[in-house]
Amino acid sequence: MTFGQGLLVAVLAVPALGAVAVAATPRDRAARLVGTVAAALTLLAAVPLVFGGRGWVAWSADAPAVRPWHQLDLAWVPGLELRFHLGVDGISWPLVVLTALLTLLCCAYTMWRVPDGGSGRALVALLLVVEVGILGTFLALDLVLFFLFFEVVLLPMYAIIAGWGGADRRRAARKFALYTLFGSVLLLVGVYVVVAAAGTADLVTLTGGAGMSRGTQLAAFTLLALAFAVKSPLWPLHSWLPDAHTQAPTVGSVMLAGVLLKMGTYGLIRVAVGVAPEGARWAAPVLGVLAVAAILIGSLVCLAQSDVKRLIAYSSVGHMGFVLLGVATLTATGIQAALIGNVAHGVITGLLFFLAGAVKDRTGTGTLAELSGLRETAPRLAGLLAFAAIASLGLPGLAGFWGEAFAVIAAVQVGGPLWTTLGVLAAVGGALTAAYFLRLLRQVTHNRPSPAVGQVGPGLAGAELTAWVPLVLLALAIGLAPTLVLGVAEAPVDALIGVVSR
């Protein structure tokens, strides 16, 4: 086994074994510490995956489009010709690192505060199981294996929302589960259509269509795109998201927004577009229209929100709309915009939910009408909230700018009345994003302190800073040096565009 293959195994085995160790540790605080150490070791294994042979190659009749930096390909179920095939490249590696980082920060956060509802030990064990499912989804290069990892996330995330969430947590958890199961059925049928038509589940072989007929690709893309739209979630299949975010505990909201939504957009790029490129070309205008609808509707709904967490949750609908718009253009610029938009959204929205949780924990409310004057009583918390908000609204120099700007540019570059109009409307949606985040800051941080805010002290806990500072630094680093994401993704994106446009 090579060093890279060992790292691939470690990235999945360490959190899985960590979850078992946490469950077996009798003392609650010691169990949370074990889980945090396991999450830290997972991050240490994920980062060096970037060192390896540079992945993808231009598609040709005798060469696959996917050439992972590292891959592990073992017989899994020989009778069904299924393989345990893992691999990593420039599209998946940033998301792998982001998942490992956010899981570590969430586990470390539980060392300081465990939400009401259950033991911290059980919560950390569930977070590690969620991490295994998400990492496996990003690393799987077998379509059936991809589906199984995709489904691993469902039950532990349901348990996190239902066990440690707010007053209406069970209804929100059921809604999350039902929507996700609906998407899972569509994904399973889509996987069956592809595997039955192509005779293989290997994503390396399937990228480019694997000789499937146009009709098969259209059917497969429709099923896969709908399945991933539920998980992302993309308008109009988004209605589970605000309830889940509002009721989930802080660490649950961070994992939901930071990386779980990315499973859908990653699957759209890697599986739906890669496996059924003719279907992607056929559906591109429809995807573009839905993307812009998500941007505008999500922004308008945010302007009417009265709860901090619901506002941030609905903002994700708009941000994922920009990601979908980039994918829909089927251009190198658009796909790059989608990839950096994914990473930036995970970093910034994860930070926003950490801060929203801190405000609610201190004041006992998340209602905007009951929050004002935070900069008078807790200036450092107000300053961090302002930083996260302006990063999310797309201020140049911060991470949120690149994905939204390049998605608009990509749409205009495609040209024609439809795409030019979509680009202009998306830009208008970006302006609305600034409007609702500035409204949030005006309400929460300005004016005289409300009774709820008046009791808040100025201090920040060391555990809070430990969880927040890495995300602040990443938002700055990606904003100032976007090549951290775009550089590693350039070759695979060029290869994918070669597949789609041939």
For T433, side chain to side chain donor-acceptor pair (under 3.5 Å) partners two or more places apart
none
Main-chain N/O of [Y] paired to [X] side chain as donor or acceptor, under 3.5 Å:
X	Y	answer
T329	G326	yes
Q247	I161	no
S450	E370	yes
W419	G288	no
T365	T367	yes
H70	L49	yes
K262	F138	no
R32	G120	no
W402	G479	yes
W93	A46	yes

So, do [X] and [Y] sit near enough that their side-chain heavy atoms are less than 4.5 Å apart?
X	Y	answer
L339	F406	no
E404	H319	yes
L260	M263	yes
L86	L12	yes
L261	T349	no
R270	D89	yes
T265	V327	no
T99	T103	yes

Which residues share a ring pair (Phe, Tyr, Trp, His ring centres under 6.0 Å) with [X], sequence neighbours left out:
X	value
Y314	none
F150	F146, F228
W164	none

Going by salt bridge (Lys or Arg N to Asp or Glu O under 4.0 Å), name the residues that satisfy it together with K175, two or more places apart in sequence or in a different chain.
D243
Across all chains, not counting sequence neighbours, the salt bridge (Lys or Arg N to Asp or Glu O under 4.0 Å) partners of R375 are none
Do K360 and D307 meet the salt-bridge criterion of a basic N to acidic O distance under 4.0 Å?
no
Find the distance between [atom1] ([X]) and [atom2] ([Y]) and round it off to the nearest 0.5 Å.
X	Y	atom1	atom2	answer
I335	I340	CD1	CD1	14.0 Å
L241	H245	CG	NE2	4.0 Å
I134	M255	CD1	CE	4.5 Å
Y436	S392	OH	OG	6.0 Å
L123	L128	CG	CG	9.5 Å

Locate the shortest heavy-atom distance separating L43 from L101; write the atom from each residue and the value.
CD1-N, 3.9 Å
Heavy-atom nearest pair, L384 first then L355, reads O-CD1, 3.4 Å
Give me the one residue out of V11, L95, V152 that meets side chain to side chain contact (heavy atoms under 4.5 Å, CB included) with L135.
V11
Please test F354 against Y109 for ring-ring contact (aromatic ring centres under 6.0 Å, His included), starting from the C-alpha separation and ending with a verdict.
CA-CA 10 Å; F354 267 131; Y109 193 78; 5.1 Å; yes
